[in-house]
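Each chain gets a letter, A, B and so on, in the order its sequence line appears, and its residues count up from 1.
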There are 2 protein chains.
Amino acid sequence: MIVQRQSGVALWRQIADRIRTAIANGDYDATGKVPPEISLAAEFGVNRHTVRSALAALAQEGIVRAVQGRGTLIERKERLNFPISRRTRFSEGIGDQAKEKEGLLLAASEESATPDLASRLQLAVGAAVIRLETLRKADRRPVSRATAWFPAERFAGIAEAYRDSGSITAAFTALGLTDYLRVSTEVTAVHADSGDLADLELSPGAIMLVTRALNADADGVPVQYAISRFPADMVQFTIEN
Amino acid sequence: MIVQRQSGVALWRQIADRIRTAIANGDYDATGKVPPEISLAAEFGVNRHTVRSALAALAQEGIVRAVQGRGTLIERKERLNFPISRRTRFSEGIGDQAKEKEGLLLAASEESATPDLASRLQLAVGAAVIRLETLRKADRRPVSRATAWFPAERFAGIAEAYRDSGSITAAFTALGLTDYLRVSTEVTAVHADSGDLADLELSPGAIMLVTRALNADADGVPVQYAISRFPADMVQFTIEN
DNA sequence: CCCCATTTGTGCGTATGTATT
DNA sequence: GAATACATACGCACAAATGGG
């Protein structure tokens with residue numbers, strides 16, 4: 001398996017991505033370090049300098065740490081698992097995979113529903129909706145950026161409720177909605193945009209998993225539509241049927 | 001939203017990826033063509049030469065076709081939707097999104113189960129399993145590469161059954177298994193490797209959605225474990241709860 | 001303690017790719 | 001298309017740190 005030249009993607013970046021994936025897969029768990037630069041160079045068919053560029057990028061991300069004479073040690077290795085089910089909740093989904101969970105409100109505004117949004121939330125086109133931009137963290141590392149829309153009439157004050165609790169579930173409870181269910185989830189993947197890079201502290205070229213999710217109350221009335229973005233090398237989804 | 005310099009990913013490739021995604025999202029459906037090079041250059045903050053490199057790459061992929069004096073026409077635009085549910089089946093999932101469906105057997109072999117695989121299929125470590133490498137096409141375009149493992153004792157002859165029918169469901173039926181259910185599905189995303197690029201006719205830097213799926217018979221006995229890889233700009237998954 | 005193999009860190013010259021004007 | 005500037009990748013060589021005998 002060889003890296004691709006003249007593809008518009010620098011060799012060092014391709015190699016960095018491959019090593020990052022290998023670390024996440026646990027391929028180097030036996031030693032706790034990455035193979036020596038010289039053997040990685042042989043494996044990928046490149047110069048050692050090129051491998052060094054890749055490792056430097058991973059060191060910048062905090063994933064590895066090179067020690068002269070010893071090798072390149074693996075510092076951080078994480079891939080959070082998010083279950084997707086009828087009862088999907090962000091905080092519960094993480095479970096004990098992280099100790100500290102945090103939800104930050106980046107921005108909130110009221111706007112009127114576009115045709116697409118109105119049809120998903122079963123509102124009239126132009127109906128008032130509240131939009132929240134949120135950033136969620138696990139153990140102080142950002143793990144997702146999300147934009148969520150709620151019917152404004154029913155959920156006035158949800159921005160404050162979310163800001164105070166850091167949790168959608170808690171905010172809903174505060175507004176009198178005690179239970180809600182996931183109706184559908186669409187999953188795609190794209191390259192990180194500049195907002196992702198800034199908010200999630202990623203390096204360019206990173207891959208994002210994108211979910212578009214609809215939640216409804218017990219009567220099936222839509223209560224939330226959300227587009228969430230997760231760094232693909234930190235996250236995987238599990239659908240249990 | 002601006003492209004990233006010095007990121008190890010050439011600007012023309014970042015722009016090609018963004019335009020490919022925009023086409024898949026239907027952003028240019030109104031006109032059936034990509035905006036003029038000069039306005040794309042302004043949008044991305046690069047020189048027109050750089051945009052031309054990106055469009056040349058997309059033309060090479062057969063996605064667009066530049067016509068002097070008219071613009072850059074969109075030739076092909078697709079994002080197949082795959083439902084993931086308890087009854088997930090590849091061919092049925094595509095439904096009428098494609099007329100022609102094809103399943104090719106690339107390779108088949110018998111091997112012994114690794115600890116990980118054995119635990120998933122509920123076999124003894126080292127038990128005989130059959131591995132199939134398959135390539136699935138819709139309307140003559142490759143849409144996924146998959147590696148699937150089956151308990152060898154129960155499903156001897158599945159390689160031939162798949163080769164003849166081009167369908168896992170049909171192969172199971174031929175071997176006496178009339179029904180099976182999806183137990184769980186893990187979803188991740190990675191960069192395409194060289195095998196993806198070759199088999200799926202992609203360009204380097206492309207993103208792959210990866211699913212790891214376990215299927216079981218009506219009694220809950222595992223019958224298949226499969227790792228499938230889909231080009232992210234052609235595919236999305238939908239989970240209906 | 002020294003020696004030595006292993007491994008990372010650094011320098012420099014050259015060729016090619018990328019992006020701008 | 002030409003000229004320019006910078007990024008990427010290579011090859012070779014040597015320095016510096018580590019760990020084990």
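- Contact annotation: A:N47 reaches the phosphate of D:dG11 (side-chain N/O to OP1 or OP2, under 4.0 Å).
- Set against C:dT8, C:dA19, D:dC10, the side chain of A:L11 has D:dC10 as its closest nucleotide.
- In terms of phosphate contacts, A:T72 brings a side-chain nitrogen or oxygen within less than 4.0 Å of OP1 or OP2 of C:dT8.
- Surrounding CD of A:Q60 are at most 12 heavy atoms belonging to other residues, nucleotides or ligands under 6.0 Å away.
- Side-chain proximity of B:V46 to C:dT20, D:dA9, C:dT8: nearest is C:dT20.
- Put simply, CZ on A:R13 is 16 Å from C1' on D:dA9, counting in whole angstrom units.
- For B:F230 and B:F237, the ring centers are positioned less than 6.0 Å apart.
- A parallel orientation is assigned to the rings of B:Y225 and B:W149, their planes being inclined by less than 30° (bins at 30° and 60°).
- For A:E37 and C:dG9, the CD to C1' distance is 8 Å, given to the nearest whole Å.
- Applying the 6.0 Å contact sphere to NZ of B:K33 captures no more than 12 heavy atoms from other residues, nucleotides or ligands.
- Between the CG atom of A:L40 and the C1' atom of C:dT6 there is a distance of 14 Å, rounded to whole Å.
- Atom CG in A:L73 sits about 17 Å away from atom P in D:dA17, given to the nearest Å.
- For A:R70, a side-chain nitrogen or oxygen approaches OP1 or OP2 of D:dG19 to under 4.0 Å.
- Taking atom CD of A:Q68 as the reference point, atom C1' of D:dC14 lies 12 Å away to the nearest angstrom.
- A:I38 places its CD1 atom 14 Å from the P atom of C:dG9, with the value rounded to the nearest Å.
- The side chain of A:R48 lies closest to C:dT10, out of C:dT10, C:dT20, D:dT8.
- Nucleotides of DNA chain D nearest to A:G69 and A:W12 differ in position, and the one nearer the 5' end is that of A:W12.
- Of the side-chain N and O atoms in B:S53, none sit less than 4.0 angstrom from OP1 or OP2 of C:dT18.
- Heavy-atom neighbours of B:R52 CZ from other residues, nucleotides or ligands within 6.0 Å: at or below the threshold of 12.
- A:R52 has its CZ atom 15 Å from the C1' atom of D:dC10, to the nearest Å.
- Residue A:H49 places its side chain closer to C:dT10 than to any other of C:dT8, C:dT10, D:dG19.
- Side chain of A:A10, nearest nucleotide from D:dT18, D:dA9, C:dA19: D:dA9.
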